[in-house]
Visitor: 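Okay, handing you the structure first.
No experiment lies behind these values; they were computed from the predicted model shown. Reminder, nothing fancy here: chain letters follow the sequence lines and each chain counts from 1. Side-chain atoms are counted along with the backbone in the values below, which use heavy atoms only and exclude waters and symmetry mates.
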Protein chains: 2
Amino acid sequence: MARPREFDEEKALDAAMQVFWEKGFEATSLSDLTSRMGIQRPSIYSTFGDKKGLFEAALRKYTSSHAAYVRNKLHNNPSVKEAFRAFFENMVAEEYGQNPNWGCFCINSMVELSPHDEKFEILTREHQMYLSVIFQETIDRGLRSGELDPAINAKSLAQTLVISLIGLTVIMKSRPERSFVDNSIKEILTLLR
Amino acid sequence: MARPREFDEEKALDAAMQVFWEKGFEATSLSDLTSRMGIQRPSIYSTFGDKKGLFEAALRKYTSSHAAYVRNKLHNNPSVKEAFRAFFENMVAEEYGQNPNWGCFCINSMVELSPHDEKFEILTREHQMYLSVIFQETIDRGLRSGELDPAINAKSLAQTLVISLIGLTVIMKSRPERSFVDNSIKEILTLLR
DNA sequence: GTAATTACGTACTGATCGGTATGTAATTTA
DNA sequence: TAAATTACATACCGATCAGTACGTAATTAC
């Protein structure tokens, strides 16, 4: 190691994540990135490879922090039904709040890149699988405690909730009336009987 | 009208729809379009305005034909439960088939463009609302015939099924194990009790 | 203090982007 | 047949794209 980095690699990556999250891969230019990351092009290329490498690093940062967020939200609530209810309702409230929201970076990437790039097909799939495992663990906890109907198939229900989460996140991009998503969440949560 | 068009406007639009469907708006270049549409740039600009105008025309063509397809699928089955089951299972089978599938053009556009362009926010929202109306009509039919539990809220359930459809379509972009979507469809269809 | 190494900023590359000017061909109207 | 109008193909526009060459600054190793 000769001359040390002058910029904070994590902060720069975080800035890149925000730009990609907001605009997607294709619509984000290197100029967008340098201005928001506060560094020059050669620093990006020497640190992250190329544009796609930077995107991948940003997406990995997102998925790991998102997984931690979801795990925390669901595990820190004694009631499983209440945990899922709060999780879904909180997600909707954030999306309909003042601050602009860009949905889920992983879902955005799944739609834009997965069909054309196997690396992102795998990366985004693995995140969804991980979410379904977190969901299933939570449902299992409710089965063990007796809170949930023992006839429930934890795995199938977890997978269904992941798919509902995706559907809700995506449809909110078109900003439907709030009752649309509120009704659906109520309906979906009846599966957690 | 002086000199008549030498190309078939509908066929050209159909070709444009396929390219945009496959690659999205940003990743599709004018060169991609001219080569697949079989016409020159000035013909595109004189007929459809600009790139975004052509995209909008292509998306409108897609949504109207997709709505007709869904309506037909659901209305031409005497059993409502069977109609939805066949609809969802057929969608999955197509996506996992040999031919490449690009998901739903409207969902792709909702993810890529709706947050940055109000015109597409409205256009994609209206299509989802229309699908939910078709779904609701079908559920109402099942309620009238006595096939479905009269305790069902047709509107909420229709909205839920639209969200499930979106979630299924999107997650299949990452090509999960087929059991993932099969399980979820079974679970979702239990709401049609 | 000198050589080696790494980082930085500037300025550039060829390619491609979306969009258009222009000249010519074809058709209608009169 | 002449004028007007529309469509076509070519060839171009300035801007921007992702990516890099290169010279200089800073740090470490010896």
Visitor: Apply ring-ring contact (aromatic ring centres under 6.0 Å, His included) to B:His116 and list each qualifying residue two or more places apart in sequence or on a separate chain.
Guide: A:Trp102
Visitor: Does A:Ser35 have any side-chain contact (heavy atoms from CB on, under 4.5 Å) partners at least two apart in sequence or in another chain, and if so, which?
Guide: none
Visitor: Can you confirm whether A:Asp140 sits close enough to A:Gln136 that some side-chain heavy atom of one is under 4.5 Å from a side-chain heavy atom of the other?
Guide: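 Yes. Closest side-chain heavy atoms under 4.5 Å.
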Visitor: By a strict heavy-atom criterion of less than 4.0 Å, which residues belonging to residues 10-22 of chain B are in contact with DNA chain D?
Guide: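 Those residues whose heavy atoms fall under 4.0 Å from DNA chain D, taken from residues 10-22 of chain B, amount to none.
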Visitor: OP1 or OP2 of D:dC8 sitting under 4.0 Å from any side-chain N/O of B:Ser43?
Guide: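 So the side-chain polar atoms of B:Ser43 do come within 4.0 Å of the phosphate oxygens OP1 or OP2 of D:dC8, strictly under.
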Visitor: Are any of the side-chain nitrogens in B:Glu121 or B:Arg125 under 4.0 Å away from the carboxylate oxygens of its partner?
Guide: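 Answer for the salt bridge query: yes.
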Visitor: Got a sec, which residues hit salt bridge (charged side-chain N to carboxylate O under 4.0 Å, His left out) with A:Glu89, two or more places apart in sequence or on another chain?
Guide: A:Arg85
Visitor: Could you run down nucleotides 16-22 of chain D 5' to 3' and tag each one B, S or - for protein heavy-atom contact under 4.0 Å?
Guide: -SBBBB-
Visitor: Is it the case that more than 12 heavy atoms not belonging to A:Lys61 sit under 6.0 Å from its NZ atom?
Guide: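 Result for NZ/A:Lys61: enclosed.
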Visitor: Report all side-chain donor-acceptor pairs from residues 44-60 of chain B shorter than 3.5 Å, counting only partners two or more places apart or in another chain.
Guide:
{"from": "B:Ser46", "atom 1": "OG", "to": "B:Pro42", "atom 2": "O", "distance (Å)": "3.1"}
{"from": "B:Ser46", "atom 1": "OG", "to": "B:Ser43", "atom 2": "O", "distance (Å)": "3.2"}
{"from": "B:Thr47", "atom 1": "OG1", "to": "B:Arg5", "atom 2": "NH2", "distance (Å)": "3.2"}
{"from": "B:Thr47", "atom 1": "OG1", "to": "B:Ser43", "atom 2": "O", "distance (Å)": "2.7"}
{"from": "B:Asp50", "atom 1": "OD1", "to": "B:Lys52", "atom 2": "N", "distance (Å)": "3.4"}
{"from": "B:Asp50", "atom 1": "OD1", "to": "B:Gly53", "atom 2": "N", "distance (Å)": "2.9"}
{"from": "B:Lys51", "atom 1": "NZ", "to": "B:Phe25", "atom 2": "O", "distance (Å)": "3.0"}
{"from": "B:Lys51", "atom 1": "NZ", "to": "B:Thr28", "atom 2": "O", "distance (Å)": "2.8"}
{"from": "B:Lys52", "atom 1": "NZ", "to": "B:Asp117", "atom 2": "OD2", "distance (Å)": "3.3"}
{"from": "B:Glu56", "atom 1": "OE1", "to": "B:Lys119", "atom 2": "NZ", "distance (Å)": "3.3"}
{"from": "B:Glu56", "atom 1": "OE2", "to": "B:Arg60", "atom 2": "NE", "distance (Å)": "3.1"}
{"from": "B:Glu56", "atom 1": "OE2", "to": "B:Arg60", "atom 2": "NH2", "distance (Å)": "3.0"}

Visitor: Do B:Met110 and B:His127 touch side chain to side chain, with heavy atoms closer than 4.5 Å?
Guide: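 In short, these two side chains do not touch, never coming nearer than 4.5 Å.
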Visitor: Report the distance from atom CZ of A:Arg3 to atom C1' of D:dT27, rounded to the nearest whole Å.
Guide: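 After rounding, the reported distance stands at 8 Å.
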Visitor: Please report, rounded to the nearest Å, how far the P atom of C:dA26 is from the CD atom of B:Glu6.
Guide: 8 Å
Visitor: Taking the cut-offs as 6.0 angstrom to the six-membered ring centre and 45 degrees off its axis, would you call A:Arg175 and A:Phe180 a cation-pi pair?
Guide: no
Visitor: Take atom CD of A:Gln40 and atom C1' of D:dG23, then tell me their distance rounded to the nearest Å.
Guide: 15 Å
Visitor: To the nearest Å, give me how far apart CG (B:Leu33) and P (C:dC17) are.
Guide: 10 Å
Visitor: Quick one: B:Ile39 CD1 to D:dA7 C1', roughly how many Å, whole number?
Guide: 11 Å
Visitor: May I have the distance from B:Phe55 (atom CZ) to C:dG18 (atom C1'), rounded to whole angstrom?
Guide: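 Distance check: B:Phe55 CZ to C:dG18 C1' gives 16 Å.
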Visitor: Rounded to whole angstroms, how far apart are CG on B:Asp8 and C1' on D:dA7?
Guide: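 The answer, rounded to whole Å, is 16 Å.
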